[in-house]
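The structure appears below as structure tokens.
Just so it is clear, the values below take in all heavy atoms, side chains as well, and ignore hydrogens, waters and symmetry mates. Every chain is numbered from 1 and lettered A, B, ... according to where its sequence line falls, protein lines coming before strand lines.
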Protein chains: 2
Amino acid sequence: MPLNSGQIDKRIRAFTKICRQSGVRATHQRREIFREVARTDEHPDAETIYKRVRKRMPTVSLDTIYRTLSLLEEKGLLKRLELFSGRTRFDANTQPHHHFICTQCGLVRDFTSEQMDALARPNEVRSWGEVRSVNVQLRGICSACRAKGRRARAK
Amino acid sequence: MPLNSGQIDKRIRAFTKICRQSGVRATHQRREIFREVARTDEHPDAETIYKRVRKRMPTVSLDTIYRTLSLLEEKGLLKRLELFSGRTRFDANTQPHHHFICTQCGLVRDFTSEQMDALARPNEVRSWGEVRSVNVQLRGICSACRAKGRRARAK
DNA sequence: CCTGAAATAAGAATTATTCCTATTTAATTA
DNA sequence: TAATTAAATAGGAATAATTCTTATTTCAGG
């Protein structure tokens with residue numbers, strides 16, 4: 001479960017590099033927040049990160065946690081684990097199926113794939129627990145958004 | 001995009017049957033709410049469903065929408081599209097990878113799989129848009145939760 | 001060292017969702 | 001059919017996660 005320190009250092013270096021390259025300040029707060037996410041593979045939430053960073057920086061604000069996490073995501077240093085931002089959506093299709101999701105407009109389309117349903121569980125996964133369902137998401141840009149994007153760029 | 005009416009009817013019949021079998025009342029509200037999700041493949045959120053149902057039942061309350069959606073999920077008539085309930089979590093692993101998720105405790109473990117990274121996009125998907133990433137989630141019960149469950153049941 | 005832009009802290013505001021309670025509905029019994 | 005009772009709903013209050021606002025602080029460049 002623990003990450004090896006070489007990997008963590010590599011992530012920290014990427015943070016430093018990207019801050020420099022994109023002209024954002026690598027402040028003490030940002031560094032601590034990123035370190036807190038980068039040092040673990042437990043995929044913490046904002047509140048957890050807040051509590052941990054506060055141990056070393058008691059005055060850090062929750063808002064800074066959120067702002068920084070958004071910034072880090074924008075810079076590609078970390079990812080949000082969520083299907084959509086905002087509201088939960090519902091699916092009445094109870095057959096096994098998978099989703100194409102447009103990351104721009106939120107369009108979701110269902111599709112089936114025997115290949116995906118039958119994907120082999122890697123050995124390590126078998127040791128972690130019992131898999132009950134396989135869900136594949138293909139994330140990208142739908143045709144409508146791509147067309148809109150082209151038109152917008154052409155203006 | 002529109003579902004054929006045969007499929008919709010099939011879903012409505014499943015609703016009726018499951019309500020009867022599990023002894024919950026198939027009230028007017030529940031029927032309308034389920035129909036609203038079942039009649040479309042756009043995977044609507046609670047607010048959208050609320051607005052649509054209100055057109056026919058102006059007095060329906062938002063709380064009934066939420067309560068009913070939870071009930072319908074519990075009965076297996078629909079699914080929530082979300083990775084976790086509640087807080088958004090963050091991942092500092094920027095390499096392509098996939099997730100094992102324990103649906104009980106929320107444990108997330110990363111794993112890599114060339115087979116999964118290379119999954120073929122079904123043809124229909126290609127016509128919907130451009131896929132930029134493939135994400136597989138294996139959802140199930142982790143060993144720790146399974147052990148706890150066994151202990152709890154043994155008591 | 002000074003100045004201005006960037007970043008932060010603190011708390012208010014917003015948004016999605018859940019909870020509470022009085023009322024209504026509907027199944028069951030008399 | 002009327003009375004009884006449990007289930008379900010409406011409406012609004014409460015909560016939880018996240019975002020916004022504003023005054024203050026920090027820091028890089030002149």
Side-chain angles (χ1 to χ4, degrees), chain A residues 15-16 18-37 43-75 77-90 106, chain B residues 15-16 18-37 43-75 77-90 106:
Chain A
F15 165 82
T16 307
I18 285 184
C19 285
R20 194 164 359 92
Q21 283 179 347
S22 65
V24 312
R25 294 182 189 164
T27 62
H28 191 194
Q29 286 90 336
R30 285 176 179 166
R31 198 175 292 278
E32 289 299 317
I33 291 165
F34 180 68
R35 262 162 58 83
E36 214 43 73
V37 187
H43 311 79
D45 58 45
E47 192 68 32
T48 302
I49 298 164
Y50 179 50
K51 281 183 197 150
R52 291 178 185 173
V53 170
R54 225 173 13 167
K55 285 184 188 165
R56 308 171 179 202
M57 295 186 69
T59 65
V60 74
S61 79
L62 185 54
D63 178 60
T64 297
I65 306 291
Y66 278 106
R67 251 185 307 103
T68 300
L69 290 171
S70 294
L71 177 79
L72 295 171
E73 185 195 18
E74 199 181 295
K75 299 300 178 196
L77 287 162
L78 47 80
K79 282 187 177 154
R80 244 169 245 271
L81 295 186
E82 65 181 4
L83 292 185
F84 313 100
S85 55
R87 302 173 179 168
T88 298
R89 297 169 66 168
F90 294 86
Chain B
F15 165 81
T16 307
I18 285 184
C19 284
R20 193 165 358 91
Q21 284 180 346
S22 63
V24 312
R25 294 182 188 165
T27 63
H28 191 196
Q29 286 91 337
R30 287 174 179 167
R31 198 175 293 278
E32 288 299 319
I33 291 164
F34 180 69
R35 262 163 56 82
E36 215 42 73
V37 187
H43 311 79
D45 58 46
E47 192 69 31
T48 302
I49 297 163
Y50 178 49
K51 281 183 195 147
R52 291 179 185 170
V53 170
R54 224 172 13 166
K55 286 185 188 163
R56 308 171 179 200
M57 296 186 69
T59 64
V60 74
S61 79
L62 185 54
D63 179 58
T64 297
I65 305 291
Y66 278 105
R67 250 185 309 104
T68 300
L69 289 171
S70 293
L71 177 79
L72 295 172
E73 185 196 16
E74 199 181 296
K75 299 300 177 198
L77 286 162
L78 47 80
K79 282 189 178 153
R80 244 169 246 270
L81 294 186
E82 65 181 4
L83 291 186
F84 313 99
S85 56
R87 303 172 178 168
T88 298
R89 298 170 65 170
F90 294 86

Task: Nucleotide D:dA8, atom P - distance to CD of B:Glu32 in whole Å - done: 17 Å
Task: N or O in side chain of B:Thr64 less than 4.0 angstrom from D:dT9 OP1/OP2 - done: no
Open item on the list: Restricting to non-hydrogen atoms, name the atom on A:Phe34 and the atom on A:Leu78 that form the minimum distance, rounded to 0.1 Å.
Closed with: CD1-CD2, 4.3 Å
Open item on the list: Could you check whether any side-chain N or O of B:Arg89 sits under 3.5 Å from a backbone N or O of A:Leu81, counting only pairs where one atom can act as donor and the other as acceptor?
Closed with: no
TODO: Please state how far atom CD in A:Glu73 lies from atom P in D:dT19, giving the value in whole angstrom units.
DONE: 10 Å
TODO: Return the value, rounded to whole Å, for the distance between atom CD of A:Glu82 and atom C1' of D:dA17.
DONE: 12 Å
Open item on the list: If you compare all heavy atoms of A:Leu83 against all heavy atoms of B:Glu82, which two are closest, and at what distance to 0.1 Å?
Closed with: CD1-N, 3.7 Å
- [ ] Could you check how far NZ of A:Lys51 sits from P of D:dA16, rounded to whole Å?
- [x] 12 Å
Open item on the list: I want to check one thing: is the phosphate of C:dT8, taken as OP1 and OP2, less than 4.0 Å away from some side-chain N or O of A:Arg67?
Closed with: yes
Are any protein N/O atoms closer than 3.5 Å to N/O atoms in nucleotides 17-19 of chain C? If there are, list each pair with its distance.
from: C:dT17; atom 1: OP1; to: A:Thr88; atom 2: N; distance (Å): 3.1
from: C:dT17; atom 1: OP1; to: A:Thr88; atom 2: OG1; distance (Å): 3.1
from: C:dT17; atom 1: OP2; to: B:Tyr66; atom 2: OH; distance (Å): 2.4
from: C:dT17; atom 1: O5'; to: B:Tyr66; atom 2: OH; distance (Å): 3.2
from: C:dC19; atom 1: N4; to: B:Asp63; atom 2: OD1; distance (Å): 2.3
from: C:dC19; atom 1: N4; to: B:Asp63; atom 2: OD2; distance (Å): 3.3

- [ ] Establish, from distance only, whether the side-chain atoms of B:Arg67 and B:Thr64 form a donor-acceptor pair under 3.5 Å.
- [x] yes
- [ ] To the nearest Å, give me how far apart CE (A:Met57) and P (C:dA10) are.
- [x] 11 Å
Task: For the student: nearest non-hydrogen atoms of B:Ile65 and B:Ala46, plus distance - done: CG2-O, 3.7 Å
Task: Close approaches to DNA chain C from residues 22-30 of chain A, in residue order (heavy atom, under 4.0 Å) - done: A:Val24, A:Arg25, A:Thr27, A:Gln29, A:Arg30
TODO: Please name the pair of heavy atoms, one in A:Val60 and one in A:Tyr50, separated by the smallest distance, quoted to 0.1 Å.
DONE: O-CE1, 3.4 Å
Task: Interatomic distance, A:Arg31 atom CZ to A:Thr68 atom OG1 [nearest 0.5 angstrom] - done: 12.5 Å
Open item on the list: How many whole angstroms separate atom CD1 of B:Ile65 from atom C1' of D:dT9?
Closed with: 11 Å
Task: Along DNA chain D (nearest heavy atom to each residue), the more 5'-positioned of B:Pro58 and B:Arg89 - done: B:Pro58
TODO: Starting from P on D:dA8, measure out to CG on B:Leu72 and report it in whole angstrom.
DONE: 12 Å
TODO: May I ask you to decide if A:Cys19's main-chain N or O and A:Arg30's side chain share a donor-acceptor pair within less than 3.5 Å?
DONE: no
TODO: Check the distance between C:dA7's C1' and A:Ile33's CD1 and give it to me in whole angstrom.
DONE: 11 Å
- [ ] Looking only at non-hydrogen atoms, find the nearest pair between B:Phe15 and B:Ala26 and report the distance.
- [x] CE2-CB, 4.0 Å
